[in-house]
Q: 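Here's a structure for you.
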Amino acid sequence: MTQQGKAPPAILEARDLSILRDGRRVLDSVSFSIPQGRFVAVLGGNGAGKTTLFRAILGLDTPSHGSLHVSGHTTQPGRSAIGYMPQSRQMVAGQISGWHMVASALRGQRWGLPWHTPQARAQVNAALAAVDAQELAARPVASLSGGERQRLLLAQSLLDSPRLLLLDEPLASLDPARMRQTARRIHDLARQRNLTVLISTHDINPLEGFMDSVLYLAHGKALLGSVDEVMTTPALSALYGAPVEVVRAQGRLFVVAEGGGDTLHACDCTGHAH
Ligand SMILES: Nc1ncnc2c1ncn2[C@@H]1O[C@H](COP(=O)(O)OP(=O)(O)OP(=O)(O)O)[C@@H](O)[C@H]1O
C-alpha cells in the first residue's frame, strides 16, 4: 500500500492464508493487510475466491493454513461488527414487507419474530433511511424490482452497527446509472461511519473515484494496492503467472488475455493511465 501518511490500524489481516474447498486450494498462502476505513474493490474472475474470502472473514470457512484476523481477533461466526450482503439474492418473498425483510436480519431475530423492541425498530428504520428506502418499507418484497431488493439487502448489512462491510457483487444486475449511484451511496455511508468496505465486482468502472485500493485475486494468489499499482500489465501478468494485458481504450481499462483473447475485467481508469 502506498497511501500517504500514517496508516490507521489494520482491521483485516491475512497471513499466509490458505483455504481449501472440496480439497482444492482456492486461496494459497495469501497475505495482505487492510487498514480501517478503506474502500476496497475485490476483483477476480469467476471462481477466483472472492466469496470464499468473504466467508472466511465471516468465520464460515476455516483456514487450512495461516491466519486471518479481524480487528486483531481470529475470525468466528456471528461477529456483530461485520455487515454482509451475500451474492445470493434469495430472500423471503411472498407478502412480507420491505420493513420486515430488513428486520428479519437483526441479530437474534433471523426468523422474523412478530414483535420488536423500540430499539430494534429504530435500528431498522435508520438502516432503511441510510439507503433511502423508506418508501419500500410498506411494500411487499415480492412486488419490488431487483434493484430495490438490493437496496433492502444493503440496509440489512448496516444493522448492528458494523465496522466492516462485506458486499458480494452488490452492483450486479443494476443498470449503469444505478451502479454508480449505489457505489456513491456505499462510499458516502462508509465515510460518514468510518466503515471499512470490501466490495466484490467484475467491473470496477462504477467504483472509479470511490475506491482506495484493489484486492485482485487470481490463481489462488492476491495482490493489494492502489489502482495504479495493481492494474498494470506487469503486475497482473505476475499475479496470473501468465501474460495478460492491461489495455486502456476510451478512458476505460480492460484486462485481456494476451493476443486479444477473453476480456477478464473492465474498469474505467481515466487518470490512472501509466
Ligand atoms: N460450497 C462449495 N463447495 C465446494 N467448492 C466450492 C463451494 N463454493 C465454492 N466452491 C469453489 O471454490 C472456488 C471459489 O469460489 P468462489 O465462489 O469463492 O469464487 P468467486 O470469486 O466468488 O466467483 P464468482 O465471481 O463466480 O462469484 C470455485 O472453484 C468454486 O467452485
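Whatever order the structure lists ligands and atoms in, that order sets their numbers, starting from 1. Along the sequence shown, residues are numbered consecutively beginning with 1. Just so it is clear, the structure is predicted and the values come from calculations on it, not from any experiment.
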Q: Among all protein heavy atoms in this structure, tell me which lies nearest to atom 27 (O) of ligand 1, with the distance rounded to 0.1 Å.
A: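 The closest heavy atom on the protein side is Gln87 NE2, 3.1 Å.
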Q: Of the listed options (Asn46, Leu53, Val26), which comes nearest to atom 24 (P) of ligand 1 when hydrogens are ignored and any heavy atom counts?
A: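 Among Asn46, Leu53, Val26, the closest heavy atom to atom 24 (P) of ligand 1 comes from Asn46.
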Q: Does ligand 1 have an atom under 4.0 Å from some heavy atom of Ser200?
A: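 It does not; every heavy atom stays at 4.0 Å or beyond.
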Q: Could you check if a side-chain atom of Trp99 sits within less than 4.5 angstrom of a side-chain atom of Asn125, using non-hydrogen atoms only?
A: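 Yes, at least one pair of side-chain atoms sits under 4.5 Å.
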Q: Counting non-hydrogen protein atoms only, what is the nearest one to atom 25 (O) of ligand 1? Give residue, atom name and distance.
A: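 Looking at atom 25 (O) of ligand 1, the protein heavy atom closest to it is Lys50 NZ, 2.7 Å.
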Q: Taking atom 12 (O) of ligand 1 as the reference point, report whether a protein heavy atom occurs under 4.0 Å from it.
A: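 At least one protein heavy atom is under 4.0 Å away.
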Q: Mind checking whether Leu17 and Leu20 sit in one hydrophobic cluster, side chains of I, L, V, M, F, W, Y counted as touching below 4.5 Å?
A: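 Different clusters.
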Q: I need the nearest protein heavy-atom contact for atom 10 (N) of ligand 1: residue, atom name and distance, please.
A: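 So the nearest neighbour among protein heavy atoms is Arg21 CD, 3.8 Å.
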Q: What are the atoms of ligand 1, with element, lying closer than 4.0 Å to any heavy atom of Asp22?
A: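 Those atoms are 4 (C).
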Q: Looking at Ala222 and Leu215, what are the two nearest heavy atoms and their distance?
A: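 Between these two residues, the closest heavy atoms are CB-CD1, 4.0 Å.
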Q: Got an N/O contact under 3.5 Å between Gly49 and ligand 1?
A: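 Such a contact does occur with ligand 1.
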Q: Would you check if the side chain of Arg149 reaches a backbone N or O of Val141 as a donor-acceptor pair within less than 3.5 Å?
A: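 Yes, the answer is positive, given that a donor and an acceptor are paired below the 3.5 Å cut-off.
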Q: Any idea which atoms of ligand 1 are less than 4.0 Å away from a heavy-atom of His202?
A: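 Every atom of ligand 1 under 4.0 Å from some heavy atom of His202: 25 (O).
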Q: Using the salt bridge (Lys or Arg N to Asp or Glu O under 4.0 Å) rule, take Asp212 and Arg191 through it: C-alpha gap first, then chi angles, then the decisive distance, then the call.
A: CA-CA 12 Å; Asp212 301 307; Arg191 283 288 178 270; 3.3 Å; yes
Q: State, yes or no, whether a side-chain contact exists between Leu165 and Leu158 at a heavy-atom distance under 4.5 Å.
A: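 Yes, at least one pair of side-chain atoms sits under 4.5 Å.
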Q: Is there a side-chain contact between Leu58 and Ile82, using heavy atoms and a 4.5 Å cut-off?
A: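 Heavy-atom side-chain distance check passes, below 4.5 Å.
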Q: Indicate the ring-plane relationship of Tyr84 and Phe54, choosing parallel, tilted or perpendicular according to the 30° and 60° boundaries.
A: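 Taking Phe54 first and then Tyr84, their aromatic rings stand perpendicular (interplane angle over 60°).
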Q: For atom 16 (P) of ligand 1, what is the nearest protein heavy atom, given as residue, atom name and distance?
A: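 Checking every protein heavy atom, the shortest distance to atom 16 (P) of ligand 1 gives Thr52 OG1, 3.7 Å.
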Q: Considering only non-hydrogen protein atoms, determine which one is nearest to atom 17 (O) of ligand 1 and report residue, atom name and distance to 0.1 Å.
A: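 Here the nearest protein heavy atom works out to Thr51 CB, 3.6 Å.
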Q: About how many Å separate CZ of Arg184 and CE of Met179, when rounded to the nearest 0.5 Å?
A: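 It is 15.5 Å, given to the nearest 0.5 Å.
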Q: Is the backbone of Gly72 close enough, under 3.5 Å, to the side chain of Glu13 for a donor and an acceptor to pair up by distance?
A: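 Between the backbone of Gly72 and the side chain of Glu13 there is no qualifying donor-acceptor contact (under 3.5 Å).
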Q: Is there any N or O on Gly47 that sits under 3.5 Å from an N or O of ligand 1?
A: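 N/O-N/O distance under 3.5 Å: yes.
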Q: What atoms of ligand 1 come closer than 4.0 angstrom to any heavy atom of Glu169?
A: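 Per the distance check, 25 (O), 27 (O).
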Q: Tell me which protein heavy atom sits closest to atom 30 (C) of ligand 1, plus the residue, atom name and distance to 0.1 Å.
A: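 Nearest protein contact, heavy atoms only, for atom 30 (C) of ligand 1 is Arg24 NH2, 4.5 Å.
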Q: Does ligand 1 have a heavy atom under 4.0 Å from the side chain of Arg55, from its backbone, from both, or from neither?
A: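 Answer for Arg55: neither.
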